[in-house]
Participant: 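First, the structure itself, so that you have it in front of you.
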Amino acid sequence: MLSYRHGFHAGNHADVLKHFILVQLLAHLLQKDKALWYVDTHAGAAQYALTDSTALKNAEFETGIGRLWGRRGLPKPLDTYLAQVRLLNSDAHKLRNYPGSPQIALQMLRPQDRMRLFEKHTTEIRVLQQNLGEDRRSIVYAGDGFEGLKAMLPPPSRRGVILIDPSYEDKADYKRTKQALVDALIRFATGTYAVWYPLVQRREARQLPDSLKLAGADDWLNVSLTVKEPAADGYGLHGSGLFIVNPPWTLADTLRQTMPWLVDTLAQDPEGTFLLQTS
């Protein structure tokens, strides 16, 4: 849907989970010299000012990245993620900006790597293009990332991280996400895929993780973070998750060690918890 703009939610608890894990995925694959492709089906604007009226409307970052900012003694994987956030904030003591997934990838990728981004929101794509500048490694496509993904796979290097991250405001996104993963695995079975999903009071959301387990991948990991009890009225995001296909072999242990700390830090009531499943 063209109404969704991530700036209202930038830096929230869902972003912390998604981006902390994205950093882990990229860092693992970047250990080898061979070129890596990063593909993002719903790229957003790449950078978000946490000081503008959009971010301040609900100030969701205060219960997300704001709870990590300035903290000492973070688990190493979270400190590695925070280092990427610091790169977008010239004053290390003040949190003013937050990097979206494309910005984090841009900061981590090397000269030989490539980035392909899709965004269909007419305002967001203009901001995305401005924020990326003239980086020669990147191409931005104005259009449907579900459809565009097919043409990107397999990447020439046969190495890639693919983030499938729709807003799910349109309930059709749940079905399209499952089909996008099925189609992608046919074209590029060895790719690393990260599918973000919301924890909301909706049947399609509850069913999606189990549906993704049937997409055709032998090696997968499912992790979710719940930060509060679901709202009585059924609205709102009480957590989020990532379903990862072909995860690094070290990721499960990293999450076992890190997720309890993240729950303690981001939980908004006693219902805070996490789930970790592997194939």
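In this text the structure is predicted, and so the values were computed from the model without any measurement.
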Participant: Which label fits Tyr168 and Trp196: parallel for a plane angle under 30°, tilted from 30 to 60°, or perpendicular past 60°?
Facilitator: tilted

Participant: Kindly indicate whether the side chain of Met115, heavy atoms from C-beta on, has any atom under 4.5 Å from the side chain of Leu132.
Facilitator: yes

Participant: Heavy-atom count check: over 12 atoms from other residues, nucleotides or ligands less than 6.0 Å from Arg96 CZ?
Facilitator: no

Participant: Following the transitive rule for hydrophobic clusters with a side-chain heavy-atom cut-off under 4.5 Å over Ile, Leu, Val, Met, Phe, Trp and Tyr, establish whether Val227 and Phe8 coincide in one cluster.
Facilitator: no

Participant: Would you kindly confirm whether Val195 and Leu149 end up in one hydrophobic cluster when ILVMFWY residues are joined by side chain heavy atoms under 4.5 Å apart?
Facilitator: yes

Participant: Under 4.5 Å between any side-chain heavy atoms of His42 and Phe146, yes or no?
Facilitator: yes

Participant: Name all residues meeting the side-chain contact (heavy atoms from CB on, under 4.5 Å) criterion together with Asn97; count only those two or more places apart in sequence or in a different chain, and write none if there are none.
Facilitator: Ala49, Leu88, Asn89

Participant: So for atom CG, which belongs to Asp218, do other residues, nucleotides or ligands contribute more than 12 heavy atoms lying within a distance under 6.0 Å?
Facilitator: no

Participant: Only one of Leu275, Leu266, Thr273 forms a side chain to side chain contact (heavy atoms under 4.5 Å, CB included) with Leu225, so which one is it?
Facilitator: Leu266

Participant: Apply salt bridge (Lys or Arg N to Asp or Glu O under 4.0 Å) to residues Lys76 and Asp79 and explain how you reach the verdict.
Facilitator: CA-CA 5 Å; Lys76 185 176 179 181; Asp79 193 51; over 6 Å; no

Participant: Backbone N or O of Leu26 within a donor-acceptor pair of the Tyr38 side chain at under 3.5 Å?
Facilitator: no

Participant: May I ask you to say whether Asp253 pairs ionically with Arg256, meaning some side-chain N is under 4.0 Å from a carboxylate O?
Facilitator: yes

Participant: Any side-chain hydrogen bond (donor to acceptor under 3.5 Å, both in side chains) involving residues 151-164? Give me the pairs, sequence neighbours left out, ordered by first then second residue.
Facilitator: none

Participant: Applying the 4.5 Å side-chain criterion to the ILVMFWY set and letting contacts propagate, would Val39 and Val182 be lumped into a single cluster?
Facilitator: no

Participant: Closer than 4.0 angstrom, basic N to acidic O: yes or no for Glu147 and Arg176?
Facilitator: yes

Participant: Hydrophobic cluster membership, with links at side-chain heavy-atom distances under 4.5 Å among I/L/V/M/F/W/Y: are Phe188 and Ile139 in one?
Facilitator: yes

Participant: Within the distance-only criterion (no hydrogens, no angle test), does the side chain of Ser279 pair as donor or acceptor with the backbone N or O of Trp220 below 3.5 angstrom?
Facilitator: yes

Participant: Answer yes or no: is there a donor N or O on one side and an acceptor on the other, between the side chain of Ser211 and the main chain of Gln207, under 3.5 Å?
Facilitator: no

Participant: For the hydrophobic clusters of this structure (ILVMFWY residues joined by side-chain heavy atoms under 4.5 Å, transitively), does one cluster hold both Leu276 and Leu199?
Facilitator: yes

Participant: Could you label the plane-to-plane angle of the Tyr81 and Tyr98 rings as parallel, tilted or perpendicular, counting under 30° as parallel and over 60° as perpendicular?
Facilitator: perpendicular

